[in-house]
Amino acid sequence: MFRVLTAALFGMLSLSACAQPAPPAAKTTTAPAASPRGGAEQSVRAALTQLDPNFKPDYIGAAPFPGFREVVVSGQVLYVSDDGKYLMQSQPYDIQAKALVNSEGLLAYRRGLLEKANHGDRIVFAAPNAKHTISVFTDIECGYCRKLHQDIAELNRNGITVEYLAFPRMGLGSKDYTDMISVWCASDRRKALTAAKQGSPVPAKNCTNPVAMQYALGQQLGVNGTPAIFAEDGTQLGGYLPPAQLKAALDRRAR
């Protein structure tokens, strides 16, 4: 519900990812901001409840800049002023560090969610001498996902292990979804995923699989397009990045 509201308010998508179909826009009205009684968090909760009475935040913490709370609801990251008056959705940029910035609280929240995805349920392309590991929410027909997969050998040479999680962006019940189940149920999932990303027909298979769970996890993390790349510390690095650029971003996070 609030996901629909934020989509209607912002509708922002990465230009380096294949977009998930957006829900229909909802008509909204802006209510007066709550008075800052009982602390910033209570003011933020009260203000957002006026936007949607069913609002239930998954996380509220200090923003990486003063005067705001960082809020996660239905996977969307919002910034709300401590007095409950202003709301915005845009990842802050640290001018001095020349990098996008996340709060430690938000990163810990994301790490906790990612830990729920069993590593045995991921499709892993491991680097021989891994320096970094990325979690990538992917589907099999997105052009940017295919482009990233073509870089696997170079990423591995650069010490980057790629761990894929399923995110059929056309939704549960779609052909994308059933094909990804077939990939995850294949006897050789790595080979099946590579063939599917090369455009080969996907032989139908079924088994107990993690596709729906991983899709739901992606939604909790705010994934709305593929590929969605997360570093080990919980930083979302965006959509497709060329190998050298991706390595540089990971090296900066590791410092």
Side-chain angles (χ1 to χ4, degrees), residues 13-20 110-111 113-170 175-203 205 207 209-211 213-215 217-218 221 223-254:
L13 293 171
S14 169
L15 296 179
S16 57
C18 300
Q20 184 181 20
R110 286 176 176 166
R111 289 195 300 271
L113 289 178
L114 285 167
E115 287 171 3
K116 294 181 180 180
N118 190 314
H119 284 262
D121 289 335
R122 305 182 184 201
I123 299 180
V124 179
F125 290 80
N129 298 296
K131 298 177 182 177
H132 306 290
T133 298
I134 56 174
S135 299
V136 181
F137 287 87
T138 191
D139 65 11
I140 59 176
E141 53 82 32
C142 162
Y144 282 110
C145 294
R146 293 181 175 184
K147 187 172 178 64
L148 177 67
H149 197 68
Q150 291 171 356
D151 296 337
I152 286 287
E154 186 173 354
L155 292 172
N156 285 170
R157 283 194 298 271
N158 286 332
I160 301 171
T161 289
V162 179
E163 297 190 349
Y164 280 123
L165 298 97
F167 192 84
R169 63 190 178 88
M170 301 309 292
K175 186 177 185 303
D176 192 22
Y177 170 67
T178 56
D179 281 350
M180 293 193 79
I181 288 177
S182 297
V183 166
W184 254 257
C185 291
S187 57
D188 187 333
R189 296 186 297 179
R190 286 161 43 108
K191 184 177 179 180
L193 182 64
T194 297
K197 286 179 179 287
Q198 291 173 343
S200 299
V202 180
K205 293 183 180 295
C207 65
N209 66 85
V211 174
M213 184 276 290
Q214 291 180 358
Y215 177 76
L217 176 63
L221 285 161
V223 174
N224 56 14
T226 53
I229 304 172
F230 289 84
E232 289 177 283
D233 68 350
T235 300
Q236 184 170 3
L237 299 174
Y240 172 79
L241 293 172
Q245 188 176 342
L246 179 54
K247 182 179 183 300
L250 291 167
D251 287 344
R252 285 195 298 270
R253 299 305 307 173

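The figures that follow rest on heavy atoms only: side chains count, while hydrogens, waters and symmetry mates do not. The structure presented is a predicted model; accordingly, all values stated were derived computationally and were not measured.
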Next on the checklist: So, using salt bridge (charged side-chain N to carboxylate O under 4.0 Å, His left out) as the criterion, who are the partners of D179 when residues are at least two apart?
Outcome noted: K175

Checklist entry - Where is the tightest heavy-atom contact between C145 and P227, given as atom of each residue plus distance? => result SG-N, 3.5 Å

Next on the checklist: Check this for me: N118, atom CG, are more than 12 non-hydrogen atoms of other residues, nucleotides or ligands nearer than 6.0 Å?
Outcome noted: yes

Checklist entry - Partners of H149 by ring pair (Phe, Tyr, Trp, His ring centres under 6.0 Å), sequence neighbours excluded? => result F125, Y164

Checklist entry - Which residues satisfy the salt bridge (charged side-chain N to carboxylate O under 4.0 Å, His left out) test with R110, sequence neighbours excluded? => result none

Next on the checklist: Restricting to disulfide bond (SG atoms under 2.5 Å apart), what partner residues turn up for C142, sequence neighbours left out?
Outcome noted: C18

Checklist outcome for this item: Those residues at least two apart in sequence (or on a different chain) that pass side-chain contact (heavy atoms from CB on, under 4.5 Å) with A195 are S200

Checklist entry - To the nearest 0.5 Å, what is the distance between OG (S135) and NE2 (H119)? => result 6.5 Å

Item to check | Nearest-0.5 Å distance that lies between atom CG in L155 and atom CG in L148 | outcome: 6.0 Å

Checklist entry - For A126, does its backbone N or O pair with a side-chain atom of T161 as donor and acceptor, under 3.5 Å? => result no

Item to check | N156 side, atom CG; I152 side, atom CD1 - distance, nearest 0.5 Å | outcome: 6.0 Å

Next on the checklist: Measuring from atom CZ of R146 to atom OG1 of T194, what distance do you get when rounded to the nearest 0.5 angstrom?
Outcome noted: 12.0 Å

Item to check | For Y215, all residues meeting ring pair (Phe, Tyr, Trp, His ring centres under 6.0 Å), sequence neighbours excluded | outcome: F167

Checklist entry - What residue pairs, at least two apart or across chains, pass salt bridge (charged side-chain N to carboxylate O under 4.0 Å, His left out) with a residue in residues 182-200? => result none

Checklist entry - Mind checking what makes side-chain contact (heavy atoms from CB on, under 4.5 Å) contact with A228, not counting sequence neighbours? => result F137, V223, F230, Q236

Next on the checklist: Between V162 and V124, does the side-chain contact (heavy atoms from CB on, under 4.5 Å) criterion hold? Intermediate values first, please.
Outcome noted: CA-CA 6 Å; V162 179; V124 179; over 6 Å; no

Checklist entry - Among D176, V211, V202, whose side-chain contact (heavy atoms from CB on, under 4.5 Å) with I181 holds? => result V211

Item to check | For E232, side-chain contact (heavy atoms from CB on, under 4.5 Å) partners two or more places apart | outcome: T133

Checklist entry - In this structure, are over 12 heavy atoms from other groups packed under 6.0 Å from M170 atom CE? => result no

Checklist entry - salt bridge (charged side-chain N to carboxylate O under 4.0 Å, His left out): which pairs involve residues 236-253, sequence neighbours left out? => result D233-R253, K247-D251

Checklist entry - To the nearest 0.5 Å, how far apart are OG1 in T138 and CD1 in I229? => result 9.5 Å

Checklist entry - What heavy-atom pair brings D139 and P168 nearest, and what distance separates the two atoms? => result CB-CA, 4.2 Å

Checklist entry - Can you list every pair that meets salt bridge (charged side-chain N to carboxylate O under 4.0 Å, His left out) and has a residue in residues 147-168, with sequence neighbours left out? => result R122-E163

Next on the checklist: Looking at D121, is its backbone amide N or carbonyl O close enough to the side chain of Q214 to form a donor-acceptor pair, meaning the two atoms are under 3.5 Å apart?
Outcome noted: yes

Item to check | Interatomic distance, L165 atom CG to I123 atom CD1 [nearest 0.5 angstrom] | outcome: 9.5 Å

Checklist entry - Taking it one step at a time, do E141 and R169 satisfy side-chain contact (heavy atoms from CB on, under 4.5 Å)? => result CA-CA 9 Å; E141 53 82 32; R169 63 190 178 88; 2.8 Å; yes

Item to check | Partners passing side-chain contact (heavy atoms from CB on, under 4.5 Å) against P203 (at least two apart in sequence or in another chain) | outcome: none

